[in-house]
Amino acid sequence: MSAVTAQTEPAAWIVLGREGDAAVAVVLDALGAERGREWIAAGERTAWIARHESAGARWVWADTTLWYPALLAEGVRVARCHDLRLCHAVLRDSAAVTDAAQLRAATAWDRSPLVDPRADIPTLFDLDAGPGPAVLPTDADALLAEFGRQRAAVAGSAAPGALQLLLAAESAGALVAAELRAAGVPWDVAVHRDLLTAELGDLPVGGGTPPRLAETADQVRSALGDPGLSLDSQPKLLRALHRAGVAVESTSRWELAEQRHPVVAPLLEYKRLSRLYTANGWAWLDEWVRDGRFRPVYLPAGVVTGRWASTGGGALQVPRQLRPAVRADPGWLLVVADVAQLEPRVLAAMARDTALADAARGRDLYEGVVASGAVATRAEAKIAMLGAMYGATTGDSGRLLPRLRRTFPRAMALVDDAARTGEDGGVVSTLLGRSSPPPSEAWHEAQSRAGDPEATEADEVRARRWARDRGRFTRNFVVQGTAAEWALAWMADLRGRLAAIAPVDEASAAPASGPVFARRPHLAFYLHDEIVVHTPVERADDAADAVRAAAASATRLLFGDFPLDFRLDLRIARTADKDG
DNA sequence: TACTGGTGCGCG
DNA sequence: AAAGCGCGCACCAGTA
């Protein structure tokens, strides 16, 4: 069948799915009308996709993790896609969608992606192998039906433009997540090992506890006069502390630090070393770093706010202590950039609070808040602003909030309204239309039970607490979620700019980054408000320019001409360490 | 043996 | 034991 080659206008969308045992591509025009189908032989799939990609196709698939890793491994980059699984989740819950009944009924799309964080090579989703591990619909007609539902939901929504933008950003994020894993974080194993040895001593050859950890544990045991104590059991440790006269209610670091007792110093040191050893020690290196790359699995929208989660290797918890091990390949550099005070800036822009924007523009936002006269010091400004976004009610933070409300009434009204809506059981939404999940059945029951004439004091206390808990969640949801949208827009724009930078020649290649990224700047790490780009030395300035331009572009896309800049702390360096 | 919940700590 | 949001992971203890 040659319906695709016969057509004259370029395809608007190409849906990739299955029909019976065969892979099939369904070509749609801009209105979503089918213009043709083509069956693709298994061995020709990659070449077919590459050919249509260069003609400007936009791909529609059930789940980016099913298709894209294999394409990347074979050297094919994709510019745009529509991830049906991720978009389904957004539209199903969005308050902007007028009638989500059909989407809610399509429960086959309510699935998590199948990912194996330990897999070295991305597994090819084999359309020829039958249903196999597929947990999402793969049949082309099922995909077409879902795509139709989604298009109808957007078109009939209260905010088609914003939702369109959100779906595009979400899908681009899915591409970025796959690309981050394919390229990997350049990781210098020697630096990491040296750091472990310096802290923990040489790893015993036959296994066993590292010497510095063992010595520190012995110091703790002798300070407590308990030679057989197991330090890794919280209940046992707590009892031993009490026996030794240390009046703590927990074994957490901050509480121990307030005590004056000889056990405190070695115990805190033990906790620090133990954490390093168990979370990011030699075992972690062996399991997660191969060929000089750490390849975490990112889960776009893994958090209800739209933030990413990760699985395997603790990708989003790499301790700052290990940042020196994030090191560019020889002949390459890192562009390390993070956004200064992303969330308060997002709050200022989405609330159109010009006073807060004035405080933020061209400078450290917290210094600007001090300059506004609302608070006296930068530390106060920070704690007050975080308290406003997290819902603090007591302590320094709670005490400073009224002053923030006077100075920045619009911004504070936005988060206060979100909190009230949440406490009342309502749903809140981000700038682009991602909505918070509704309260659980148990939550509603607790609220109605408290309203009952027979309600006990305990019923009422619990209902109030749950209501306030939910209010803090929705208060933060609007800010955290919109910040995630800004970050998605930043990365989506950046990946296009980086792809447009001329590749370097073969002599400068970094093959561990895979065929798509071996010769050009690429994203290597992402964490909520910061990114790392790995770039050939001779392209580092271009890459840094791209990072800055993408941030400006994301700001314009989300907030138009609202007068606020999103400042980047950006440096070009060998390592991701602050002092590197 | 395979769970689940609690605790603690890493990240933003 | 955080006051105040969102996560993942290691470890232990209790249970099925």
Side-chain angles (χ1 to χ4, degrees), chain A residues 117 229-239 247-259 267-268 270-281 283-284 287-288 296-323 326 338-344 346-347 382-401 404 415 418-419 422 428 430 434 436-437 465 468-484 486-487 525-531 569 576:
Chain A
L229 180 64
S230 164
L231 301 185
D232 297 327
S233 165
Q234 194 266 0
K236 289 173 188 166
L237 177 58
L238 189 57
R239 282 195 294 271
V248 287
E249 291 179 27
S250 77
T251 63
S252 58
R253 198 179 47 195
W254 71 267
E255 196 182 359
L256 287 165
E258 291 175 350
Q259 301 293 319
L267 182 49
L268 293 182
Y270 175 83
K271 282 167 164 279
R272 192 180 71 80
L273 294 177
S274 174
R275 169 79 193 183
L276 177 63
Y277 176 58
T278 56
N280 296 103
W284 182 90
E287 180 162 11
W288 297 109
V297 173
Y298 294 92
L299 302 173
V303 182
V304 284
T305 59
R307 268 193 178 183
W308 289 14
S310 72
T311 181
L316 307 186
Q317 304 132 258
V318 175
R320 305 205 73 91
Q321 185 185 12
L322 287 180
R323 298 294 175 91
V326 177
D338 65 280
V339 193
Q341 304 102 33
L342 173 60
E343 291 192 353
V346 161
L347 173 57
K382 184 172 180 176
I383 199 171
M385 195 58 74
L386 290 176
M389 293 186 297
Y390 292 165
T393 53
T394 64
D396 290 346
S397 189
R399 189 171 47 75
L400 292 165
L401 282 189
L404 234 46
V415 285
V428 298
T430 61
R434 191 190 309 269
S436 64
R465 192 179 70 235
R468 279 194 301 268
D469 286 350
R470 186 152 195 284
R472 286 193 304 276
F473 167 64
T474 53
R475 168 190 292 272
N476 186 247
F477 182 97
V478 293
V479 179
Q480 186 183 119
T482 305
W486 186 93
F525 188 65
Y526 162 61
L527 182 53
H528 307 319
D529 63 358
E530 64 180 288
I531 54 156
D569 288 327

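Predicted, not measured: the structure shown is a model, and the values here were computed from it. In what follows, every chain begins at residue 1, and chains take the letters A, B, ... in the order their sequences are listed. Note: hydrogens, waters and symmetry copies are ignored here, and every other heavy atom, side chains too, is used.
- With hydrogens and angles disregarded, no donor-acceptor distance shorter than 3.5 Å links the side chain of Ser252(A) to the backbone of Trp254(A).
- Within the 4.0 angstrom heavy-atom criterion, only backbone atoms of the sugar-phosphate kind lie near Ser252(A); the bases stay farther away.
- Between the C1' atoms of dA3(C) and dT4(B), the separation comes to 29 Å (whole Å).
- Heavy-atom nearest nucleotides on DNA chain C were determined for Trp288(A) and for Asn476(A), and the one closer to the 5' end corresponds to Asn476(A).
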Starting from the C-alpha separation in whole Å, work towards a yes-or-no answer on side chain to side chain contact (heavy atoms under 4.5 Å, CB included) for Phe477(A) and Thr430(A). CA-CA 7 Å; Phe477(A) 182 97; Thr430(A) 61; 3.8 Å; yes

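- Between Val318(A) and Leu322(A) the shortest heavy-atom distance is CG1-CB, 4.3 Å.
- Positionally, the nearest nucleotide of DNA chain C for Glu249(A) lies more toward the 5' end than for the other of Glu249(A) and Gln317(A).
- Atom CG in Leu256(A) sits roughly 9 Å away from atom P in dG8(B) (whole-Å rounding).
- Base engagement by Trp254(A) is indicated by at least one non-hydrogen atom pair under 4.0 Å involving a base atom.
- Across all non-hydrogen atoms, the minimal contact from Ala388(A) to Leu404(A) is CB-CD2, 4.2 Å.
- Across every non-hydrogen atom of Ser397(A) and Gly387(A), the tightest pair is OG-CA, 3.0 Å.
- When heavy atoms are screened at a 4.0 angstrom cut-off, Glu343(A) is found touching no nucleic acid atom at all.
- To the nearest angstrom, C1' of dC9(B) lies 15 Å from CD of Glu255(A).
- Within the nucleic acid shown, Ala279(A) has no heavy atom closer than 4.0 Å to any nucleic acid atom.
- Counting any heavy atom pair closer than 4.0 Å across all strands shown, Leu386(A) reaches no nucleic acid atom.
- Distance Lys236(A) NZ to dT7(B) P: 17 Å, rounded to the nearest Å.
- Residue Gly312(A) is classed as a sugar-phosphate contact, given heavy-atom separations below 4.0 Å to backbone atoms only.
- Going from atom CG of Leu273(A) over to atom C1' of dG8(B) covers 16 Å, rounded to whole Å.
- Salt bridge Lys382(A)/Glu343(A): absent, no basic N to carboxylate O contact under 4.0 Å.
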Walk me through whether Asp232(A) and Tyr270(A) qualify under side chain to side chain contact (heavy atoms under 4.5 Å, CB included). CA-CA 10 Å; Asp232(A) 297 327; Tyr270(A) 175 83; 2.9 Å; yes

Decide side chain to side chain contact (heavy atoms under 4.5 Å, CB included) for Val304(A) and Phe473(A); before the verdict, give the C-alpha distance in whole Å, the side-chain angles of both, and the deciding distance to 0.1 Å. CA-CA 11 Å; Val304(A) 284; Phe473(A) 167 64; 3.8 Å; yes

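- The two residues Ala487(A) and His528(A) make their nearest non-hydrogen contact at CB-O, 3.6 Å.
- Whole-Å rounding puts the Asp232(A) CG to dG8(B) P distance at 13 Å.
- Within 4.0 Å of Arg253(A), counting heavy atoms only, lie sugar-phosphate atoms of the nucleic acid but no base atom.
- For dG4(C) and dG5(B), the C1' atoms lie 23 Å apart once the distance is rounded to whole Å.
- Using a 4.0 Å heavy-atom cutoff across all strands shown, Thr251(A) reaches sugar-phosphate atoms only and no base atom.
- For the pair Arg323(A) CZ and dC11(B) P, the computed distance is 8 Å after rounding to whole Å.
- Protein chain A contacts DNA chain C from dA1(C) to dA13(C), reading 5' to 3' and using non-hydrogen atoms of the protein with a distance under 4.0 Å.
- The distance from the OH atom of Tyr390(A) to the CD atom of Gln480(A) is 7.5 Å, given to the nearest 0.5 Å.
- At a threshold of 4.0 angstrom between heavy atoms, the contacts of Gly387(A) with the nucleic acid are absent.
- Consecutive Watson-Crick or G-U pairing (both distances under 3.5 Å) extending over three or more pairs maps onto DNA chain C as B:1-12 with C:5-16.
- Although no hydrogens or angles enter the test, the distance criterion places no donor-acceptor pair under 3.5 Å between the side chain of Thr482(A) and the main chain of Val479(A).
- In this structure, Val248(A) reaches neither bases nor backbone, as no heavy-atom distance under 4.0 Å exists between it and the strands shown.
- Atom CD in Gln234(A) sits roughly 18 Å away from atom P in dG5(B) (whole-Å rounding).
- Residue Arg472(A) is classed as a sugar-phosphate contact, given heavy-atom separations below 4.0 Å to backbone atoms only.
- Nucleic acid contact for Ile383(A): base, since at least one base atom lies under 4.0 Å from a heavy atom of the residue.
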